Amino acid sequence: MARNNSLDMTSAEFTRIGNQLLEWLANYLDHSERFPVATKVEPGSIRKKLPLTPPLHSEPMENILLDFENIIVPGLTHWNHPSFMGYFSISSSKPAILGELLSAGLNVNGMLWKTSPAATELEEVVLGWLRQALGLPPAFHGTIHDTASTSSLVAMAAARESLRLGIREKGIAGRDLRPLTVYTSEHAHSSIERAAMILGIGQENVRKIPVDDSFKMNPDELREALVNDKKAGNMPCCVVATVGTTSTTSIDPVNAIAEICEDFGVWLHVDAAYGGIAGMVPSMRWVLDGCEKADSIVVNPHKWLFVPIDCSVLYCRRPEVLRKTFMLVPEYLRTDDRDVTNFMDYGIALGRRFRALKLWLVFRYFGMEGIVERLQHHISLAQKLRSWIGSHPSFEIMAPSPFSVVCFRCVPQEWRSRSEVMTEPINQLNLRLLEAINESGELFLSHTKLNGRISLRLAVGNLQTTEQHVTAAWGVIQRIYGRMQDAVRELSIPG
C-alpha cells in the first residue's frame with residue numbers, strides 16, 4: 001500500500017532521506033578505506049539476491065537503502081578509494097558530486113539553446129576556461145560528450161564528412177567508393193578502431209603505425225603508410241595521435257604528425273583524454289605541443305580533473321564541418337533564435353545532460369592554483385614510486401612515466417640473466433602477482449602487454465591518495481611478491 005497520496009516522494013521525506021544520503025556519502029568519501037578496494041563476490045551472486053520481477057507495491061526508502069548497503073555496496077569495486085590505482089585512477093570530488101546532484105534535480109535538457117539557455121551558455125563559458133587552461137587557441141570550439149569513445153567517434157565522423165564524398169546523403173553501401181583509411185599508433189585506445197567499425201571504414205582499413213622504444217608513434221612509418229595507401233588508390237580519412245596512451249601514457253610526436261597531415265591534407269585528431277589534462281600545469285604545457293595544429297582534440301575532465309564520470313570534452317578547429325556532419329533539424333525542434341549555439345548540432349546525442357555544471361563547480365571551488373597543485377602532487381608521487389621500483393633488484397620499469405602512471409614488472413633477481421628466454425614464465429608470474437594484489441583488497445592495479453611482456457600499471461589520480469598510500473601500495477606489492485617464492489621455483493627453468 002502506498003505511504004501517501006502524493007504522486008512523488010514528499011518534500012519532507014526527500015529532505016530527510018537526502019540528508020541521510022549526503023551524510024552517508026561524506027562518510028564514505030572520508031573513510032572509503034574501510035572497504036576492500038575490489039570486491040570478492042562471485043559472478044551472479046548479486047543478481048541472486050535481487051528479485052526477478054519488479055516490485056508491485058511501494059517500499060519504504062529505509063528498506064531500499066538497507067538493500068543498497070547490504071547487496072550493492074559489497075559488490076562494488078571502489079574507484080574513489082585512495083588505493084584504487086588501476087587504469088587511470090579517476091577521482092570524483094565533493095564539489096563535482098554536488099554539481100551532479102544539482103544537474104539531476106534540475107533535469108534540464110540542453111539540446112537547444114532555447115531548452116535551457118543557461119545550460120548552453122555555461123557550457124560555452126566553462127569550456128572556454130578549460131581551453132585557456134590548456135593553452136589551446138580560441139579557434140577551437142568545445143562540446144561536452146559522455147566519453148572519449150564518443151568524442152573520438154564524433155571527430156572521426158567529421159573527418160569522413162570533410163572528404164566531401166556525400167556519405168551523409170547517400171551512405172556508403174552500394175556505391176563505388178575507394179576504401180577509406182585511418183592511421184593511429186599501435187598503442188592507441190581501442191575506441192579508435194571501434195569508431196572505424198561503426199563508421200563503415202572497417203577494421204582492415206585501420207593502419208596501426210609502429211612505435212619507437214618509448215612507445216611513441218613513428219612519423220616516418222606514418223608517412224610511408226600514407227604514401228602506400230595513396231599509391232594503392234585508397235583514401236586517407238584521418239590520423240589519430242595520442243597524448244597519454246592507455247597502456248604506457250606515451251606521447252606521440254604531434255608536431256611531426258601534424259606536418260605530415262598537412263602535407264597529405266588529412267584530418268588530425270588528438271586523443272588527449274588522459275594526458276591532455278596535465279597541460280594545465282605550466283611546466284607540463286609541452287605535452288600538448290602541436291595540438292594547436294590539430295583539427296580536433298579530446299580531453300576528459302572525468303579522468304584527471306576530479307569530475308564524476310561522464311564528462312568528455314571535444315575541441316574542434318573546424319566546427320562548421322562538425323555541424324554539417326550532424327545537423328538535422330525537424331520542425332518540432334526548429335526555432336527562430338539567432339547567434340546562439342544549439343549543441344545538438346555538434347554530435348550524436350539529441351538530449352544532453354547538464355554536464356557543464358559539475359565542471360564549473362570544480363573550477364570555481366579549487367581554482368586554477370588548486371587544480372595545478374593537485375596534478376603536480378600526483379605526478380610527484382608517481383615519480384617517487386618509479387624511483388623505488390627502479391632500485392629494487394627484482395623489479396624493473398617498463399616504460400617512461402611522463403604523467404602519474406608507472407608501468408613495471410617483476411623479474412626475480414635470479415632470472416635476470418635469462419629474462420629474454422623466460423618471457424612466458426615472467427608473464428605468468430606477473431599475472432599471478434597482479435591477481436594476488438587485487439584479491440588482497442588492499443590495492444587495485446591493472447595491466448597491459450608491452451612488446452609481448454606483461455606489465456603492471458599503477459596510476460595515481462585520486463584526490464584522497466597521499467604519499468602514505470603510495471608507500472603502502474609499494475609495500476603491498478613487495479610483501480605479496482615475497483610470498484610467491486614457490487611460484488618462482490615452479491615457473492623457473494634450468495639454466
Side-chain angles (χ1 to χ4, degrees), residues 33 36-38 81-91 213-215 244-251 274-275 278 281 283-284 304 373-417 419 422 426-427 429-451 453-485 487-488:
E33 292 170 270
V37 188
H81 194 294
S83 294
F84 181 94
M85 299 179 184
Y87 307 107
F88 285 123
S89 188
I90 63 177
S91 177
D213 292 341
S214 297
F215 305 102
T245 56
T246 303
S247 286
T248 69
T249 69
S250 58
I251 304 168
Y274 163 69
V281 180
S283 62
M284 295 290 290
W304 204 7
E373 179 185 0
R374 286 157 177 80
L375 295 177
Q376 288 175 319
H377 179 59
H378 292 159
I379 294 168
S380 173
L381 291 179
Q383 295 309 311
K384 287 183 179 180
L385 175 69
R386 181 183 172 88
S387 68
W388 301 337
I389 294 172
S391 63
H392 194 287
S394 292
F395 286 84
E396 64 181 14
I397 297 295
M398 297 295 288
S401 305
F403 303 110
S404 63
V405 175
V406 181
C407 295
F408 65 98
R409 69 171 180 167
C410 167
V411 181
Q413 191 172 9
E414 59 268 33
W415 290 6
R416 288 272 180 167
S417 61
S419 62
M422 296 189 67
I426 293 173
N427 283 350
L429 180 64
N430 278 275
L431 288 173
R432 291 189 189 185
L433 176 60
L434 177 67
E435 183 179 9
I437 289 169
N438 290 346
E439 285 187 350
S440 74
E442 299 177 78
L443 176 65
F444 187 93
L445 304 182
S446 54
H447 80 287
T448 189
K449 185 175 278 190
L450 305 174
N451 296 325
R453 298 172 175 86
I454 294 294
S455 171
L456 307 188
R457 297 173 70 265
L458 190 150
V460 181
N462 193 299
L463 280 174
Q464 304 299 325
T465 300
T466 65
E467 183 171 344
Q468 287 72 28
H469 291 108
V470 175
T471 302
W474 177 225
V476 169
I477 294 167
Q478 293 177 90
R479 186 180 76 245
I480 291 178
Y481 167 66
R483 297 173 181 169
M484 297 182 67
Q485 297 313 302
V488 172

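Remember, predicted model here, so these are calculated numbers, not experimental data.
Within the structure, salt bridge (charged side-chain N to carboxylate O under 4.0 Å, His left out) pairs that include any residue of residues 388-406 comprise E396-R409, E396-R416 (at least two apart or interchain). Evaluation of the side-chain hydrogen bond (donor to acceptor under 3.5 Å, both in side chains) test over residues 433-445, restricted to residues two or more places apart or in two chains, returns E442-R479. The salt bridge (charged side-chain N to carboxylate O under 4.0 Å, His left out) analysis of residues 378-392, with sequence neighbours excluded, yields the pairs K384-E467.
Shown here are the side chain to side chain contact (heavy atoms under 4.5 Å, CB included) partners of H392, two or more places apart in sequence or in another chain: S394, F395, W474, Q478. T245 meets the side-chain hydrogen bond (donor to acceptor under 3.5 Å, both in side chains) test with T248, S250; sequence neighbours excluded. Listed by chain and number, the residues in a side-chain hydrogen bond (donor to acceptor under 3.5 Å, both in side chains) with R374 amount to none (sequence neighbours excluded). Every residue meeting the salt bridge (Lys or Arg N to Asp or Glu O under 4.0 Å) condition with R453, not counting sequence neighbours, appears here in chain and number order: E420. Checked against side-chain hydrogen bond (donor to acceptor under 3.5 Å, both in side chains), H378 has the following partners two or more places apart in sequence or in another chain: W304. Partners of S446 according to the side-chain hydrogen bond (donor to acceptor under 3.5 Å, both in side chains) rule, which considers only residues two or more places apart in sequence or in another chain, are R457. Residues that satisfy the side chain to side chain contact (heavy atoms under 4.5 Å, CB included) test with Q468, not counting sequence neighbours, are T466. Partners of S455 according to the side chain to side chain contact (heavy atoms under 4.5 Å, CB included) rule, which considers only residues two or more places apart in sequence or in another chain, are M398, C407, T448, L450. Under the side chain to side chain contact (heavy atoms under 4.5 Å, CB included) criterion, P36 pairs with no residue, sequence neighbours left out.
Side chain of N462 to backbone of S91: no donor-acceptor contact under 3.5 angstrom is found.
Residues M85 and H469 form a side-chain contact, since some pair of their non-hydrogen atoms from C-beta on lies under 4.5 Å apart.
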